[in-house]
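Whatever order the structure lists ligands and atoms in, that order sets their numbers, starting from 1. Only this structure's heavy atoms are used, side chains among them; waters, hydrogens and symmetry mates stay out.
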Amino acid sequence: MTNMAGCFHWVSSVFLVRLSFFFVVLANPILPAVQSTSLIARTRRIPLQPKVFIIAQYGDERDIWRRTSYFDVFAQEISFPGSSPIFSKAFCTSSAHVCLVTVGEGEIQAAISIANLLSSNIFDLEKTYWLVGGCAGINPKLGTVGSVTFAKYAVQVALQYEFDARDMPDEFEAGYVPFGSYNPDDYPQTVYGTEVYELNDNLRQLAIAFAKRARLNDTSSAQALRANYGSSVDFAAGATPPAVIACDTATSDNWFTGNHLAEAFERATRLFTNGHGVYCTTQQEDNATLEALLRGALSHVVDFSRIVILRTGSDFDRPYPGSSTADNLFYAWDGYDPAIENIAIAGGEVVKGILEGWTSTFEKGVLATNYVGNIFGSLGGSPDFGEESVPDGVNDGRRGRRRRKVSRP
Ligand SMILES: *[C@@H]1O[C@H](CO)[C@@H](O)[C@H](O)[C@H]1NC(C)=O
Ligand SMILES: *[C@@H]1O[C@H](CO)[C@@H](O)[C@H](O)[C@H]1NC(C)=O
């Protein structure tokens, strides 16, 4: 086990050396370059260079990786300043080729934990692949509990105005309205920048192929819950056995449940991604994690084309016919165990695939042929979502009454 206090101390001493180096250079503009290089070289340890960094959100999602026999990610503990106060340790294999961080639940915890991890200087993350491994609410139109999903789009669906349904205009189907708009179906006229992220689809396809090698876990109580969805034609997918599927994820701190909100956020996902995104899971962290990784990419410490989001279905986002929304939220949790199991069962195959293909494929990177990045195009390229990207004739009649340019504060 790495001595954590030592690690902390090491970071602060590097920081102090860098700070003093900064002042020396400032005060002494003609200082020979060779002297500054050796100053750094003498004081700087080689950072750990993970090939895969697993991101868990809380204890169960972390601990399930203890069952993986292919590698022991708990071989060393790593502390970093600004980690979650309740999940303060990151972990790595003895080679540090695979590491794991637990960010904490919800958007704020996830963003801050990842941002501080990136700025810790403990890791060289330039070539690191990121595997978000978590459970999620699942849409029975597309999948079921225990299924393993891989997202291309992550959409922050609740970043909207909100009415209580009792106060909303009669013609609205749900109480959410995109910022700057007057109608739930109008494209947001104001965007904050975290509404939509698009990930490397070629990498996603490789991850899906790896995950399909796994024999997914299932339990009889999950099967019993699932079977209830078979009575609805719309929810046929909810009654099928667990599988590996490609579909998109919605982020919201607001843990929503029920047909009305689930349908509202299905529509928001379609709307925000100009019809490309297919909402199938709901969770509370991914856009926050992605925003922190995007900031890291802008600082050249992260490669944004090396991110995989794996979310397994732990519970349904809406009830089966004949059941109540409250029962769905509070009691229909029979899919939780296989969902947790399958994070490591399917995710372990993804990690293994990346490690085994490192030299041939992954070290140099998987070229993205789709747009990769956020709604602003901060990393370059043009998003295939966002108001400007809507082709003529698409979303007819669903666009804002006001056609202001999207404001970018
Ligand atoms: C969150 O990220 C997903 C996946 O990258 C993206 O599709 C989605 O639009 C994002 N949502 C928000 C509100 O940022
Ligand atoms: C699935 O996981 C549970 C523990 O959550 C375990 O008891 C069960 O044996 C596993 N089933 C299969 C088919 O692997």
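Inspection of the Gln57 and Glu61 side chains reveals an N or O donor paired with an N or O acceptor under 3.5 Å.
For the atom pair Leu310 CG and Ile208 CD1, the distance stands at 9.5 Å (nearest 0.5 Å).
The distance between the ring centers of Tyr129 and Phe362 falls below 6.0 angstrom. Within the 6.0 Å centre-distance limit, the rings of Phe123 and Phe53 are counted as a close aromatic pair.
Contacts of ligand 2 (protein heavy-atom distance under 4.0 Å) are Asn217, Asp218, Asp337, Glu341.
Checked against disulfide (SG to SG under 2.5 Å), Cys135 has no partners two or more places apart in sequence or in another chain.
Counted within 6.0 Å of OH on Tyr70, heavy atoms from surrounding residues, nucleotides or ligands total more than 12; the atom is thus considered enclosed.
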